[in-house]
There are 2 protein chains.
Amino acid sequence: MEDVARLAGVSSATVSRTLRGLPNVSDETRDRVLQAAASLSYVVSPIASRLASGRTHTVGVIVPYAARWFFGQIVAGAESVLREHGLDLLLYNIGDVAARQRFFGQLPLRRRVDAVLVVAMQFTDPETADLRSLGVPIVAVGHDVPGAGCVRIDDVAAATSAIQHLLGLGHRRIGMISTYADQAMFLPVAHERRRAYLDTLTAAGLPVCDELVMSVPHGLDGGEQAMRRLLTLPDPPTAVFAESDELAFGALSALRRTGRHVSVIGFDDHELSALLDLTTVRQRVFEQGVLAAGMLRRAMTVSDWTPEELLMPTTLVLRASTWPVAVRTASTG
Amino acid sequence: MEDVARLAGVSSATVSRTLRGLPNVSDETRDRVLQAAASLSYVVSPIASRLASGRTHTVGVIVPYAARWFFGQIVAGAESVLREHGLDLLLYNIGDVAARQRFFGQLPLRRRVDAVLVVAMQFTDPETADLRSLGVPIVAVGHDVPGAGCVRIDDVAAATSAIQHLLGLGHRRIGMISTYADQAMFLPVAHERRRAYLDTLTAAGLPVCDELVMSVPHGLDGGEQAMRRLLTLPDPPTAVFAESDELAFGALSALRRTGRHVSVIGFDDHELSALLDLTTVRQRVFEQGVLAAGMLRRAMTVSDWTPEELLMPTTLVLRASTWPVAVRTASTG
DNA sequence: CCCTCGGATGTAAGCGTTTGCAAGGTCGGT
DNA sequence: ACCGACCTTGCAAACGCTTACATCCGAGGG
């Protein structure tokens, strides 16, 4: 920077001001500095800049399972807008208990980020307090974190519409495949969707049968396993609501391999759902990442930002994996 | 840090040495410092530390399409080992021409990372030179970058084995679905797999028919489109090799919707391939991310590191999407 | 008993920016 | 011609560490 200043015949302060596009620099000087910087192919050291200014220009993104489709979409969406504004994205994948403990034990985000994006994770109170202690704005995607901004869908309403779709088709014995509620890695959406399932059945005057609610690890294997277990019941369900499309895929697989017929509805509208003709609840995941990043940007720039809440719409996408209860029952029964 | 030093009754230099685990500190002093730091819940500012030491403890990861399964796996794999060693992962998604130009125009990695991980991207010579000019070690996953370390599979051999599997089943008219070779976003694996296809057919004494080689955008839609076009040929193929499982999924979809029967073999062993009974070439993607990150670590710590090359094995996974040419041809006439 | 050597600690000079403050200049108004 | 307001620019002090170098001290060796 000294070199550029010398070449342009100004002080380093002026170079700094010019390069950051601050107003109080005359056009003439500006040109001279820019030219000098270009000829030396100089770029400011982001690190020194951060030390001096106190702003890190970095956003920490915390996800439980970076490799899953949903989280990949969110991260990609957020990355696209953060990058566009010159912000760095620091990814923390804390899906297992060890990583999580390490994360909250040493809180590596301290003094390192200007904002935090939390994706579909529920924290304990002390953990939330730790996060707050960072003193930076927080935005959550997929669920609420007290005191933080939030971009999400109405999980309860969306799941309810799924169940009502099945009820509308005449199903009365409806199962659910949900993820195992690991006490340490509790995922809030799992809880809400299961609650919607229970409440909607109850509201419809149907009994709630515990044996119809499967708790399995997330993923294809989990879904397959769950459906196989449901099929062995003395009175198996005629329809099943899966907490996510990936679980639904597994369920479909089990059905195909066993030759049985059960309506299946998923949740997410994963890119492969159309291929598998899975009826599902669509949410726009990538876009939620985009919007969350936008909110973060606002939180970082506006001085008196207060947490916003953005509710994204969902749609029921009807495909061939659900059908009226009578049809197949009659033909196979 | 001053505060800690005062509380422990030592100088800030000693605090610094203690906190970084340097040797020349007496046990007694060490304890005192650690205790003081703990009681003040003090952590060093990574930014100041970086400025002073010149090391960024950060790895830049460059991917073309962060949201795709393959890249998600690689990133997750790399993240897991980098995080474990306290290194940050800076993600750059430069899948479109604009992002790419911006990236190489301002080279935001300059002065910002200690190493770079490039995932399955081919660069022009000037771009490679730009990357080199960062002066940090580079490791590539999925392909070679001159002068860089490399973790990959033998794409040609793997693709050849796929074609030979089809040949062994008696197929003589074999199509290929590959991605459109956008001049700006050229993906090296696409080229290699296509080459293997052509060479293997030629070596088997078969003619190469241009109309059997489809070039489409990556993804399900691309695959579906390609298969539909292949099916409209006067003499359609009896088997098709898809450059990736996602393309193969699209192809399967087209087949299902049209009720036609064509053997399909994919590449990757995507997690959904088992579900769709797709015969494919398996590579361990997550693990490649892990290994690449390990190599980066070595490159950053060993002073005289020279690029290593790691070749990962692949396996042909036989499932129900490929069958001997005679069977279905006879039954469907 | 003096000298040397090595380990533990302190001192202070960076690292490369940003930014509050002050200085100098220009300009319109009186 | 003088004053104040405003804009441009420079000065220099942070920012919070790391590290080369100096210092101090006790232990051996001669």
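Proteins get letters first, then strands, A, B, ... in listed order; numbering begins at 1 in each.
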Counting only heavy atoms and a strict 4.0 angstrom limit, can you tell me which residues of residues 24-37 of chain A come near DNA chain C? none

Using 4.0 Å as the upper bound for N to carboxylate O, is an ion pair formed by A/Arg100 and A/Glu127? yes

List for me each residue that meets side-chain contact (heavy atoms from CB on, under 4.5 Å) alongside A/Asp31, sequence neighbours excluded, and say none if there are none. none

If the test is side-chain contact (heavy atoms from CB on, under 4.5 Å), which one of B/Val15, B/Leu22, B/Thr14 qualifies with B/Thr18? B/Thr14

Is the distance between the ring centroids of B/Phe123 and B/Phe104 less than 6.0 Å? yes

Compile the donor-acceptor pairs under 3.5 Å between side chains in residues 34-46 of chain A and protein atoms, sequence neighbours left out, one pair per line.
residue: A/Ser39; atom: OG; partner: A/Ala36; partner atom: O; Å: 3.0
residue: A/Ser45; atom: OG; partner: A/Ile47; partner atom: N; Å: 3.4
residue: A/Ser45; atom: OG; partner: A/Ala48; partner atom: N; Å: 3.2

Produce the list of close N/O pairs, under 3.5 Å, pairing protein atoms with atoms of nucleotides 17-19 of chain C; give distances to one decimal.
residue: C/dT17; atom: OP1; partner: A/Tyr42; partner atom: OH; Å: 2.8
residue: C/dT17; atom: OP1; partner: A/Ser45; partner atom: N; Å: 3.2
residue: C/dT17; atom: OP1; partner: B/Arg111; partner atom: NH2; Å: 2.7
residue: C/dT17; atom: OP2; partner: A/Tyr42; partner atom: OH; Å: 3.3
residue: C/dT17; atom: O5'; partner: A/Tyr42; partner atom: OH; Å: 3.1
residue: C/dT18; atom: OP1; partner: A/Arg20; partner atom: NE; Å: 3.4
residue: C/dT18; atom: OP2; partner: A/Ser16; partner atom: OG; Å: 2.1
residue: C/dT19; atom: OP2; partner: A/Arg20; partner atom: NH1; Å: 2.8

d(CZ, A/Arg112; P, D/dC15) in whole Å: 21 Å

Main chain of B/Val141, side chain of B/His143: is a donor-acceptor contact present, judged purely on distance under 3.5 Å? yes

If we only count heavy atoms from C-beta on, is the B/Val61 to B/Leu90 side-chain gap below 4.5 Å? no

Helical bend (five base pairs per end, nearest 10°) for the helix from C/dC1-D/dG30 to C/dT30-D/dA1: 40°

Show the nearest heavy-atom pair for residues B/Ala115 and B/Leu296, with the distance to one decimal. CB-CD2, 3.6 Å

What integer distance in Å separates B/Ile47:CD1 from D/dT18:C1'? 16 Å

Interatomic distance where CG belongs to B/Asp3 and C1' belongs to D/dC17 [whole Å]: 14 Å

Going by the salt bridge (charged side-chain N to carboxylate O under 4.0 Å, His left out) test, which pairs reach into residues 32-51 of chain B, not counting sequence neighbours? B/Arg50-B/Asp88

Quick one, A/Trp305 with A/Met295, criterion side-chain contact (heavy atoms from CB on, under 4.5 Å). Give me CA distance, side-chain angles, the key distance, then yes/no. CA-CA 10 Å; A/Trp305 182 77; A/Met295 192 181 289; 3.9 Å; yes

